[in-house]
Number of protein chains: 2
Amino acid sequence: MAVTSFESSLRQRCSNCSLREICLPLGLDAEELGRLDELVKRRRRVFAGQHLFRAGDPLQALAAVRTGFFKIYEVSAGGHEQITAFPMEGELMGLDAISADVHRGNALALEDSEVCEIPFTKLEGLLSDLPRLQHQFHKLLSGAIGNDHGLMMVLGTMTAELKVAAFLLNLADRLEARGQPRAIIHLPMSREEIGNYLGLKLETVSRMFSKLRDDGLIVTEGRKTEIRNYAALKDLCLQGSAHA
Amino acid sequence: MAVTSFESSLRQRCSNCSLREICLPLGLDAEELGRLDELVKRRRRVFAGQHLFRAGDPLQALAAVRTGFFKIYEVSAGGHEQITAFPMEGELMGLDAISADVHRGNALALEDSEVCEIPFTKLEGLLSDLPRLQHQFHKLLSGAIGNDHGLMMVLGTMTAELKVAAFLLNLADRLEARGQPRAIIHLPMSREEIGNYLGLKLETVSRMFSKLRDDGLIVTEGRKTEIRNYAALKDLCLQGSAHA
DNA sequence: CGGAAGATTGAAGAAACTCAATTTGTGTGG
DNA sequence: CCACACAAATTGAGTTTCTTCAATCTTCCG
């Protein structure tokens with residue numbers, strides 16, 4: 001018992017979370033963190049292939065990825081699937097559900113994962129009391145819009161090669177923001193899922209991986225990818241969208 | 001003077017605004033509306049071709065379109081422009097700027113327009129006091145994410161013909177939500193701007209307009225477009241994305 | 001170790017793009 | 001009000017890019 005309570009006080013708190021600089025509680029003081037801590041239901045496990053929520057589910061809680069990787073996909077009226085995000089550690093899922101109190105997207109774990117759940121109604125109550133948390137939450141929502149615009153730019157302006165390059169760079173930068181080496185990327189998603197996300201067919205994605213490999217920008221070993229020349233990859237993206 | 005004050009009390013209030021069911025103040029009571037009213041700076045004019053804000057400008061105020069039409073476009077590091085939205089009456093602009101306190105996008109008036117400006121810091125203060133307004137604001141932010149996902153679906157899964165059809169349907173539905181006839185659409189944007197938004201070249205957009213016209217779904221007269229067969233246009237979009 | 005799913009590569013086809021010419025629309029000054 | 005000039009839109013022909021179809025090859029589990 002003593003051990004359990006020790007562990008829970010040590011590990012299961014936002015204040016000790018290694019993701020607190022990325023996740024919701026960024027920039028809160030100890031008292032504010034304590035209030036938030038009370039709300040958060042931590043370390044719910046979601047195994048690879050399982051859904052955390054599905055489109056149509058009522059919004060109960062927002063979820064932050066603690067460990068692992070998810071894909072969020074929406075299904076159109078015509079039945080087509082479109083992946084809208086690949087959330088990783090520290091990223092929130094379900095923000096688009098606030099609008100209608102119902103999830104638009106489906107959240108599927110790509111590998112065994114853990115999430116922290118934050119009951120949304122309770123969170124909104126807390127936001128009224130804690131202006132800094134409120135502002136932080138607005139920044140998160142706004143940032144999600146900005147991320148989506150970034151993807152629109154990729155989808156709307158880039159060729160297949162640039163899309164794949166931008167995809168890898170995006171992952172690299174997000175890994176780096178978490179203190180991990182940006183050069184080594186383990187892709188938990190298939191070529192088909194990457195293609196769906198980027199508006200390409202899986203064969204095209206595969207071809208572009210091969211091309212980037214042949215050009216010496218990356219090294220591929222199945223789903224393990226290493227960025228060999230980050231600067232060149234970045235240049236490729238920049239100059240690529242410049243010719244318009 | 002008496003007339004002026006009469007007019008201002010009659011016209012220049014959210015409570016009398018014809019857009020209150022679409023814009024921010026949805027579902028507020030009289031007292032809450034009054035508090036919001038105090039913040040809003042109304043009827044700032046922006047003439048066609050003028051910018052309301054530009055990327056890099058510090059976020060001072062969110063802006064709601066009162067009359068007219070805007071385009072929001074972002075410029076990538078490589079210099080490519082991507083239009084991310086065409087806001088019309090009742091729609092908010094600048095939500096993506098909260099994240100970094102700086103505008104990401106540029107807001108250009110496509111026709112002579114009027115906007116209501118809401119100082120953002122003051123708004124956040126008010127949100128803490130008015131839970132219903134806070135919730136409404138969160139719904140708006142969340143809805144913006146949902147809209148973006150809808151566009152991603154269009155960009156990622158649809159052919160040129162379907163993209164244009166979906167674009168027209170989107171406009172039609174938004175007009176209808178404002179009590180205007182959904183069949184008659186005056187497009188304030190050029191073919192090139194439509195193409196930029198949809199990830200197509202202007203010639204392709206033109207061709208698809210012609211195709212939809214030849215198929216009897218729409219009638220075109222320059223930028224004036226009439227939807228002749230709404231149901232068929234909708235079917236086209238649905239079945240189109242089903243084959244995957 | 002064997003089977004199935006995922007990934008790669010090739011060749012042929014379709015979709016959208018580029019380049020170019022023509023037509024239409026718009027606004028301005030005579 | 002018309003004529004002119006300029007910008008936008010349309011249409012055509014040829015090319016590029018991506019997709020489709022198909023055949024391997026690899027990886028990952030049981």
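Numbered from 1 within each chain, the chains take letters A, B, ... in sequence-line order. All values reported here derive from a predicted model rather than from experimental measurement.
- Applying the 4.0 Å criterion to OP1 and OP2 of D:dA9, one finds that B:S206 has every side-chain N and O outside that range.
- B:T204 has a side-chain polar atom (N or O) that falls below the 4.0 Å cut-off from OP1 or OP2 of C:dC17.
- B:R207 has no side-chain polar atom (N or O) that falls below the 4.0 Å cut-off from OP1 or OP2 of C:dT18.
- For the salt bridge (charged side-chain N to carboxylate O under 4.0 Å, His left out) condition, the pairs that include at least one residue of residues 217-229 of chain B, sequence neighbours left out, are B:E226-B:R228.
- Formation of a donor-acceptor pair under 3.5 Å by the A:S142 side chain with backbone atoms of B:L95 is found in this model.
- Among the nucleotides D:dC18, C:dT8, D:dT19, the one closest to any side-chain atom of A:K201 is D:dT19.
- Contact between the side-chain N/O atoms of B:S190 and the OP1/OP2 oxygens of D:dA8 is not found at any separation under 4.0 Å.
- The A:L200 side chain lies nearest to D:dT19 when the options are C:dT9, D:dT10, D:dT19.
- In this structure, B:E192 places its CD atom where only 12 or fewer heavy-atom neighbours from other residues, nucleotides or ligands lie under 6.0 Å away.
- A salt bridge does not link B:E89 to B:R178: none of the charged side-chain nitrogens sits closer than 4.0 Å to a carboxylate oxygen.
- The ring pair (Phe, Tyr, Trp, His ring centres under 6.0 Å) contacts involving residues 153-184 of chain A comprise A:F167-A:Y197, where partners must be two or more places apart or lie in separate chains.
- Distance NZ (A:K163) to P (D:dT19): 7 Å, rounded to an integer number of Å.
- In this structure, A:R213 has no salt bridge (Lys or Arg N to Asp or Glu O under 4.0 Å) partners at least two apart in sequence or on a different chain.
- Sorted by first and then second residue, the side-chain hydrogen bond (donor to acceptor under 3.5 Å, both in side chains) pairs with a member in residues 46-58 of chain A read A:H51-A:R54, A:H51-A:Y73; sequence neighbours excluded.
- At least one side-chain nitrogen or oxygen of A:R213 sits closer than 4.0 Å to the OP1 or OP2 atom of C:dT9.
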Report the C-alpha separation of A:R182 and A:E176 in whole Å, then their side-chain angles, then the decisive distance to 0.1 Å, and conclude whether the salt bridge (charged side-chain N to carboxylate O under 4.0 Å, His left out) test is met. CA-CA 5 Å; A:R182 73 178 180 194; A:E176 193 175 36; 3.7 Å; yes
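- At least one donor-acceptor pair under 3.5 Å links the side chain of A:S210 to the backbone N or O of A:S206.
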Protein-proximity profile, nucleotides 23-30 of chain D, B/S/- by nucleotide at the 4.0 Å heavy-atom cutoff, equals --------
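- Axis orientation changes by 50° from one end of the helix from C:dC1-D:dG30 to C:dG30-D:dC1 to the other, with each end axis drawn from 5 pairs and the value rounded to 10°.
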